[in-house]
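Below: the structure, in structure tokens.
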2 protein chains.
Amino acid sequence: MPTPPPPTGPAGLHDIRETNLGSVLRAIREGAPCSRAEVAAATGLTKATVSSIVTELIDRGLVRESGATAERRVGRPGVMLSLDDRGFVALGLEVNVDYLTLVAVDLLEREVVALHEPFAARDAGPEECAARLADLALRALEEPSLAGRALLGVGVAVPGMIDAAEGRVYDAPNLGWRNVPLRAWLRELLRKGGTPDVPVLVDNDANLGAVAEYRGGHLSHTPDLVYITGEVGIGAGVLVGGALLRGSTGQAGEIGHIPLRRGGPRCGCGRRGCLESLAGIDAILRQTVPDLVPAGPLPGTDLAAAVAATVERAQEGRGAVQRALRRSGTWLGRGVATLANLVDPDVVILGGYFAPLAPWLLPACRAAVQAHAIAPRRGGLRVEVSELGLTAAARGGAAALIEALDTGRTPPPSPASR
Amino acid sequence: MPTPPPPTGPAGLHDIRETNLGSVLRAIREGAPCSRAEVAAATGLTKATVSSIVTELIDRGLVRESGATAERRVGRPGVMLSLDDRGFVALGLEVNVDYLTLVAVDLLEREVVALHEPFAARDAGPEECAARLADLALRALEEPSLAGRALLGVGVAVPGMIDAAEGRVYDAPNLGWRNVPLRAWLRELLRKGGTPDVPVLVDNDANLGAVAEYRGGHLSHTPDLVYITGEVGIGAGVLVGGALLRGSTGQAGEIGHIPLRRGGPRCGCGRRGCLESLAGIDAILRQTVPDLVPAGPLPGTDLAAAVAATVERAQEGRGAVQRALRRSGTWLGRGVATLANLVDPDVVILGGYFAPLAPWLLPACRAAVQAHAIAPRRGGLRVEVSELGLTAAARGGAAALIEALDTGRTPPPSPASR
DNA sequence: CCAATTAGTTTGGTTACTGAACTAACGAGG
DNA sequence: CCTCGTTAGTTCAGTAACCAAACTAATTGG
């Protein structure tokens with residue numbers, strides 16, 4: 001009972017319609033195919049209200065009637081409803097140190113198009129990178145499988161500190177970006193490319209990874225969930241009751257730089273013993289495949305290959321490699337335990353390059369979590385591995401747009417805009 | 001944009017009224033004395049709507065008209081509104097290792113009655129303690145200054161892990177409590193004492209301390225705020241956007257047991273090097289006034305005196321004492337930095353017994369935060385000292401009840417119940 | 001073919017907000 | 001002193017959204 005906050009404007013009839021549009025849409029997403037009557041039961045709304053709302057959703061192209069019921073029960077059969085997966089797409093993009101990724105999903109969050117290209121973002125600079133992103137998006141929209149679909153919006157994941165409200169990248173050290181107004185740039189580039197004006201959403205890769213896991217991963221619908229990126233940096237996206245924890249300056253979840261080991265190795269941030277310097281991909285590669293990585297900042301382009309080499313050597317049974325991975329796993333576990341003590345999630349998901357390394361990282365990580373997380377927890381904290389691969393953040397970008405629809409926050413697009 | 005969560009029932013006309021009742025109540029709280037027209041301007045609602053809502057609030061005894069305006073401006077003068085501080089009280093209680101505290105506040109959250117008594121809760125056991133709490137509440141309600149007031153509810157702070165929804169204390173190691181259905185007990189005791197059935201709210205002392213600071217402290221209205229208890233345990237109450245961060249099992253904010261120093265001193269939880277074992281009041285007293293504290297668990301009853309002795313010795317200029325405090329301050333700072341990296345609050349407030357020790361703890365603490373928190377923060381994290389003393393948690397218990405009114409979540413009490 | 005059952009729509013009623021017109025109370029200026 | 005301009009608050013008609021209940025529709029089972 002002692003919770004919700006003040007920040008509210010005046011509430012009007014409009015808000016309640018919005019809320020209920022969202023409820024019905026969600027009910028259909030979860031129950032499809034289902035009848036209006038079932039939706040009414042699921043949401044607690046009246047049949048009459050559901051009818052009215054469903055009509056509106058159909059008008060807007062979000063829902064469709066898909067024939068009569070299959071079941072043969074007594075009584076009039078209901079007409080089945082499902083999300084209309086034909087009319088819309090949402091694009092998710094990710095910039096990272098060594099690649100660009102695009103995922104296009106339909107209303108069901110099924111992947112319709114996926115593009116991936118290696119790209120040394122650090123060398124190219126932000127302008128060039130934005131141009132490539134826009135180009136990727138425009139190319140995707142040309143694909144035959146997207147023909148005739150209306151664009152719901154574009155969600156972009158960037159590894160760094162973001163002002164999501166403004167769509168600006170404050171600081172992305174691993175890309176060498178500072179104060180980049182990415183949303184504005186992309187808006188402009190997309191307009192020039194002939195795309196109608198749509199929402200462009202910019203967010204941290206860890207945050208969007210968490211959204212992707214929440215909405216689409218194998219652990220989905222766990223509302224208190226943390227996603228940890230295993231890229232060059234380590235970041236955490238924290239979902240609390242299904243909502244992103246952003247913090248006062250939008251920098252919550254900066255798990256990479258919590259101090260773990262006094263006098264530990266020097267970190268990119270200038271301090272010593274940060275989690276990132278002990279368990280970041282950079283640190284791991286330098287210990288496991290020192291012959292494949294140069295000194296100085298990682299150029300990135302062959303990160304995936306280097307990680308694959310590490311996996312190979314570990315599988316060969318090289319003790320030194322396995323020990324190094326276990327050590328990193330232990331540090332990671334200490335970091336996760338700290339996070340768990342403060343935020344108390346249900347599950348922590350290791351993503352990015354941590355996923356392929358999980359066979360060696362995970363046991364040590366779990367043991368360390370067990371040892372350091374506060375004791376007798378009902379249920380207990382789970383530490384799991386992502387199955388979304390390197391597209392997690394991009395998927396999250398797209399998923400965030402779908403979610404906005406689901407909650408009724410963004411009013412569903414009007415038929416005119418299609 | 002990528003945030004709010006699913007958990008919503010059907011929205012109806014009722015909800016919007018509730019929301020707006022809350023908005024108007026808050027506007028009056030912040031603007032009083034103010035006219036209906038001013039409230040309309042502040043909330044964005046129509047004059048007509050405001051009139052209707054204000055009438056309802058007056059009927060319910062929450063608001064009153066307090067004469068005409070003082071200002072002499074052209075035009076018809078408005079009739080001034082303020083919260084009616086005469087009709088209601090909310091009680092806040094706190095159990096701690098060495099004392100019980102009660103605070104009664106009116107709608108303006110002004111203290112109407114305060115009771116404090118030393119009490120060795122650990123020795124007495126939970127039943128006895130609940131009885132004493134109920135007795136304290138009943139005694140308070142007899143006070144002449146509360147005569148004729150209706151009771152809004154009772155909020156109880158307990159240092160331990162709480163299921164706030166059920167009002168049950170899972171585990172309070174420092175009290176020696178396990179699985180105590182405190183709400184049920186208190187409900188029963190209060191009923192026997194002849195009190196009408198009111199909401200009884202049980203929560204963690206750190207959480208309620210945070211609520212108290214948010215609503216009444218000198219840093220109030222900072223929506224991203226962390227309150228740290230300095231009692232026998234160290235706990236953090238985390239407010240995110242004005243709402244409590246609870247976590248999946250209600251155990252968020254367990255900052256006391258984050259591992260800071262490998263091979264550090266043994267902690268009560270069985271591990272080594274927890275923050276609590278390095279900077280808890282227990283640890284501090286054992287280093288600064290070893291002659292005044294026995295071995296074994298602190299009996300508690302003279303904690304205040306022992307802390308006072310520490311302050312005295314530090315003021316006398318004893319180097320060893322000052323050094324010990326600085327050391328603890330530094331560890332505290334490392335803990336705060338970790339918390340800040342993960343949760344990104346605006347301000348961290350040190351409460352409880354940390355407050356009197358702040359002159360020595362705070363500089364070291366701030367320095368450590370500066371050194372370990374992630375670098376270039378807009379505005380920067382503030383670390384401040386609570387001014388609420390040992391009543392913070394109890395005040396928070398009462399404040400949480402007032403807040404429930406303010407948000408319209410709890411429907412304002414009907415005139416009948418007064 | 002009719003009863004029972006379930007689905008969906010229609011209708012009438014209630015609740016809350018809005019906008020606009022109206023009444024009320026005051027200062028200022030002739 | 002009276003009128004005008006100004007601001008406060010109320011009243012009233014209108015609209016939007018919900019709900020409950022009655023109604024229509026489409027089946028199965030006897």
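To find a chain, count down the sequence lines: A is the first, B the second, and so on, and within it residues start at 1. The basis for the numbers below is simple: all heavy atoms, side chains too, and nothing from hydrogens, waters or symmetry mates. What you see is a predicted model; the values in this text were computed from it and never measured.
The nucleotide whose nearest atom lies closest to any side-chain atom of B:Val79 is, among C:dT18, D:dG9, C:dC17, D:dG9. Of the listed nucleotides (D:dA17, D:dG5, D:dT11), D:dG5 has the atom at the smallest distance from the side chain of B:Val74. Of the candidate nucleotides C:dT9, C:dT18, C:dA7, C:dT9 has the atom lying nearest to any side-chain atom of A:Ser51. Each of D:dC18, D:dA8, D:dT27 was ranked by its minimum atom distance to the side chain of A:Pro77; first place goes to D:dT27.
A side-chain donor-acceptor contact under 3.5 Å links A:Asp224 to the backbone of A:Gly241. A:Arg149 places a side-chain N or O within donor-acceptor distance of the main-chain N or O of A:Asp85, the cut-off being under 3.5 Å. Judged by distance alone, with hydrogens and angles left aside, the side-chain atoms of A:Asn20 form a donor-acceptor pair with the main-chain N or O of B:Ala11 at under 3.5 Å. At distances below 3.5 Å, at least one donor-acceptor pair connects side-chain atoms of B:Asp15 with backbone N or O atoms of B:Gly12.
When rounded to the nearest whole Å, the span between NZ of A:Lys47 and P of D:dA17 equals 22 Å. Distance, A:Ile53 CD1 to D:dA17 P: 9 Å, rounded to whole Å. Here C:dT15 presents its P atom at 11 Å from CZ of B:Arg17, a figure rounded to the nearest Å. Spacing between atom CD1 of A:Ile16 and atom C1' of C:dA16 amounts to 9 Å, rounded to whole angstrom units. Across the protein-nucleic acid pair, A:Arg36 atom CZ and D:dT24 atom P stand 19 Å apart, rounded to whole Å. Computed from coordinates, the B:Arg73 CZ to C:dA25 P distance equals 17 Å when rounded to whole Å. Atom CG in A:Asn20 sits roughly 9 Å away from atom C1' in D:dC18 (whole-Å rounding). Following rounding to the nearest Å, A:Met80 (CE) and D:dT27 (C1') show an atom-to-atom distance of 13 Å.
Toward the 5′ end of DNA chain C lies the nearest nucleotide of A:Ser35, the other residue of the pair A:Ser35 and A:Gly12 mapping further downstream. Of the two residues near DNA chain D, A:Leu13 and B:Glu38, the one whose nearest nucleotide lies more 5' is B:Glu38.
Using a 4.0 Å heavy-atom criterion, one finds that A:Ala48 contacts the bases of the nucleic acid, with or without backbone contacts as well.
The side chain of A:Arg76 places no N or O atom within less than 4.0 Å of a non-bridging phosphate oxygen (OP1 or OP2) of D:dT24. Distances shown here put a side-chain N or O of B:Thr49 below 4.0 Å from the OP1 or OP2 atom of C:dT18.
Put simply, CG on B:Leu107 and OG on B:Ser82 are 11.0 Å apart, with the number rounded to the nearest 0.5 Å.
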